[in-house]
J.: 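Handing you this structure, nothing more for now.
Here the structure is a predicted model, which is why all the values come from computation and not from measurement.
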Amino acid sequence: MTRWERSLLRLLIVFVQLVGILILVQCAFNTERVYEVNNWDEKDETVDDVIKDVIKLDTVKRVDDWPYGIKFAVWNVVDIPKSFDEGWLQTIEKLIEPGCNIVDIGANTGDTPLVLAVAAKGGTVVAFEMGTAIDMLRVNKRLNPHLKIDIHHYAVSNYTGTVRYQSGTGPGYELGGNGGITSNSSSNYEVSSVRLYPFLLEFYGKEFVDNICMVKIDTEGHDAVILSDMDPQFRPRVLWVEWFLRFMFYDWDNLVLEDEDECTPGSKSLFDIPQSLGYQVFNPYFPLRKAPGCQTKHYITDLLLLKNEFVKTIGNKLDNEPEIHLKWERLGI
């Protein structure tokens with residue numbers, strides 16, 4: 001064997017040894033990851049154990065009992081009462097299929113994803129929360145292991161990057177809660193932002209995404225931006241969006257209301273964008289009626305957007321529900 005051949009053989013042996021070491025390291029890393037996941041999932045703790053644990057937190061005021069076996073930890077920071085919204089649950093259950101997945105953008109401390117998880121009946125709720133409420137959201141998920149809720153500490157917008165968060169203003173929100181994306185450079189709370197459809201597709205896969213039946217958006221005025229960024233391949237049958245209170249005002253800083261027969265640009269966008277996406281805008285309660293328009297005099301806190309194809313069939317689907325009048329809506333009656 002020549003000197004050159006011996007050198008080449010030594011290099012080959014070293015290469016094989018390095019590959020072997022890398023494989024062993026990777027296996028050890030994977031084993032540790034699996035152990036950590038399994039250790040959390042299989043942790044032997046009762047709900048009472050969790051309650052005793054979380055009640056010690058400075059941020060938890062108390063733990064309330066809600067219907068459907070739900071335990072809800074009340075945030076000590078924000079003095080805004082919350083309760084299980086049975087009426088909202090009943091409305092949603094008539095519009096979605098059991099076992100489908102739901103997206104909640106602006107999940108806050110968990111009051112909305114808990115209701116949505118009950119409505120999903122075994123489906124998964126994908127809960128996005130960008131702000132300071134994220135820790136309480138995690139607490140409320142831990143208190144309710146019987147419900148399928150995935151939590152993501154991201155803002156949802158029309159680009160991937162970094163955004164600033166600012167808490168809402170008004171009584172009860174001075175220290176956190178009900179905030180959103182801000183351009184205010186004085187905010188030192190930064191969080192990553194994602195585009196909804198690409199993130200869902202990459203994180204969960206097409207089969208999961210195709211089974212999403214509803215998206216709820218409550219982002220303090222950013223709802224229209226998220227709607228306008230919806231991918232043409234992503235059209236859940238139900239969208240539930242906030243009609244931001246500030247959209248009623250011509251001048252918010254000085255609390256000057258817009259004329260009751262006029263639409264502010266923000267309000268107009270919540271009616272125009274859904275129409276361009278193939279949705280119709282309804283009042284969010286039964287009997288279902290189309291929202292009259294974006295004028296200030298018609299303001300309500302939330303809007304229900306139903307996919308055109310769904311509207312064509314829902315009248316027949318709910319014929320046995322006496323309060324449903326969508327068929328008459330289609331006839332213009």
Side-chain angles (χ1 to χ4, degrees), residues 45-57 59-129 133-151 172 177-178 211-218 236-242 282-288 300-304 317-318 320-324:
E45 60 179 11
T46 66
V47 173
D48 288 338
D49 292 333
V50 178
I51 293 175
K52 290 177 183 178
D53 195 15
V54 302
I55 204 68
K56 299 174 185 176
L57 300 173
T59 53
V60 176
K61 186 174 185 178
R62 65 178 183 274
V63 176
D64 289 342
D65 290 317
W66 282 7
Y68 304 95
I70 293 173
K71 304 292 183 181
F72 184 78
V74 178
W75 199 8
N76 221 1
V77 172
V78 178
D79 190 21
I80 300 295
K82 295 189 176 184
S83 59
F84 188 88
D85 195 335
E86 189 73 44
W88 191 41
L89 172 65
Q90 292 175 3
T91 299
I92 296 169
E93 286 180 330
K94 292 175 181 177
L95 299 172
I96 68 172
E97 297 293 336
C100 69
N101 304 315
I102 300 175
V103 176
D104 186 350
I105 306 174
N108 205 262
T109 61
D111 54 310
T112 55
L114 289 170
V115 175
L116 294 173
V118 173
K121 290 182 168 59
T124 298
V125 174
V126 180
F128 291 92
E129 175 52 47
I134 185 68
D135 290 331
M136 285 302 298
L137 176 59
R138 289 168 176 151
V139 167
N140 279 314
K141 174 186 174 178
R142 186 182 170 202
L143 282 167
N144 297 279
H146 61 295
L147 299 175
K148 294 181 179 179
I149 300 174
D150 289 352
I151 296 175
N178 270 37
N211 193 36
I212 293 175
C213 59
M214 175 178 173
V215 176
K216 169 250 165 185
I217 311 174
D218 183 350
R237 65 163 63 174
V238 178
L239 304 176
W240 194 290
V241 303
E242 176 195 25
F282 289 85
N283 292 330
Y285 45 78
F286 288 104
L288 287 177
I300 48 180
T301 56
D302 297 294
L303 295 170
L304 173 62
K317 175 179 179 290
L318 299 176
N320 294 326
E321 299 285 348
E323 73 272 32
I324 305 299

J.: Only counting residues at least two apart or in another chain, list the ones meeting salt bridge (charged side-chain N to carboxylate O under 4.0 Å, His left out) with Asp48.
T.: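 Result, salt bridge (charged side-chain N to carboxylate O under 4.0 Å, His left out) vs Asp48: none returned.
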J.: Sequence neighbours excluded, which residues qualify as side-chain hydrogen bond (donor to acceptor under 3.5 Å, both in side chains) partners of Gln90?
T.: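 So Gln90 forms no side-chain hydrogen bond (donor to acceptor under 3.5 Å, both in side chains) with any residue.
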J.: By side chain to side chain contact (heavy atoms under 4.5 Å, CB included), which residues pair with Leu57, not counting sequence neighbours?
T.: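 Scan of Leu57 (side chain to side chain contact (heavy atoms under 4.5 Å, CB included), adjacent residues dropped) gives Val54, Thr59, Val60, Val139.
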J.: If the test is side chain to side chain contact (heavy atoms under 4.5 Å, CB included), which one of Val103, Ile102, Val238 qualifies with Cys213?
T.: Ile102
J.: Applying ring-ring contact (aromatic ring centres under 6.0 Å, His included), which residue pairs with at least one partner in residues 104-124 are found, sequence neighbours left out?
T.: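 Every pair satisfying ring-ring contact (aromatic ring centres under 6.0 Å, His included) with a residue in residues 104-124: there are none.
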J.: List for me each residue that meets salt bridge (charged side-chain N to carboxylate O under 4.0 Å, His left out) alongside Lys141, sequence neighbours excluded, and say none if there are none.
T.: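 In terms of salt bridge (charged side-chain N to carboxylate O under 4.0 Å, His left out), with neighbours along the sequence ignored, Lys141 is linked to no residue.
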J.: Residues two or more places apart in sequence or in another chain: which of them pass side-chain hydrogen bond (donor to acceptor under 3.5 Å, both in side chains) with Thr91?
T.: none
J.: For Asp302, enumerate each residue passing the salt bridge (charged side-chain N to carboxylate O under 4.0 Å, His left out) test, keeping only those at least two apart in sequence or located in another chain.
T.: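 Checked Asp302 against salt bridge (charged side-chain N to carboxylate O under 4.0 Å, His left out); zero matches.
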J.: Under a 3.5 Å distance rule, please check whether Asp49 uses its side chain to pair with a backbone N or O of Thr46 as donor and acceptor.
T.: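 It does hold such a pair.
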J.: Please enumerate all residues that pass side chain to side chain contact (heavy atoms under 4.5 Å, CB included) together with Lys148, with sequence neighbours excluded.
T.: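 Residues passing side chain to side chain contact (heavy atoms under 4.5 Å, CB included) with Lys148: Thr124.
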J.: To the nearest 0.5 Å, tell me how far Leu114 CG sits from Leu137 CG.
T.: 8.0 Å
J.: So, the side chain of Asp218 versus the backbone of Glu242: is there a donor-acceptor pair under 3.5 Å, distance only?
T.: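 No, the answer is negative, given that no donor and acceptor are paired below the 3.5 Å cut-off.
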J.: Is the backbone of Val74 close enough, under 3.5 Å, to the side chain of Asp64 for a donor and an acceptor to pair up by distance?
T.: no
J.: Distance under 6.0 Å and angle within 45° of the ring axis: does Lys82 meet both against Phe72?
T.: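 Output no; distance or angle outside limits.
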J.: Which residue pairs pass the ring-ring contact (aromatic ring centres under 6.0 Å, His included) test with at least one member in residues 91-127, sequence neighbours excluded?
T.: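 Pairs touching residues 91-127 that pass the test: none.
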J.: Not counting sequence neighbours, which residues clear side-chain hydrogen bond (donor to acceptor under 3.5 Å, both in side chains) with Asp104? List them please.
T.: Thr112, Lys216
J.: Any donor-acceptor pair under 3.5 Å linking the side chain of Glu129 with the backbone of Asn108?
T.: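 A pair under 3.5 Å: yes.
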J.: Name all residues meeting the side chain to side chain contact (heavy atoms under 4.5 Å, CB included) criterion together with Lys52; count only those two or more places apart in sequence or in a different chain, and write none if there are none.
T.: none
J.: Taking only residues at least two apart or on different chains, which pairs with a member in residues 85-105 satisfy ring-ring contact (aromatic ring centres under 6.0 Å, His included)?
T.: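 As it turns out, the ring-ring contact (aromatic ring centres under 6.0 Å, His included) pairs with a partner in residues 85-105, which skip direct neighbours, are Trp88-Trp240.
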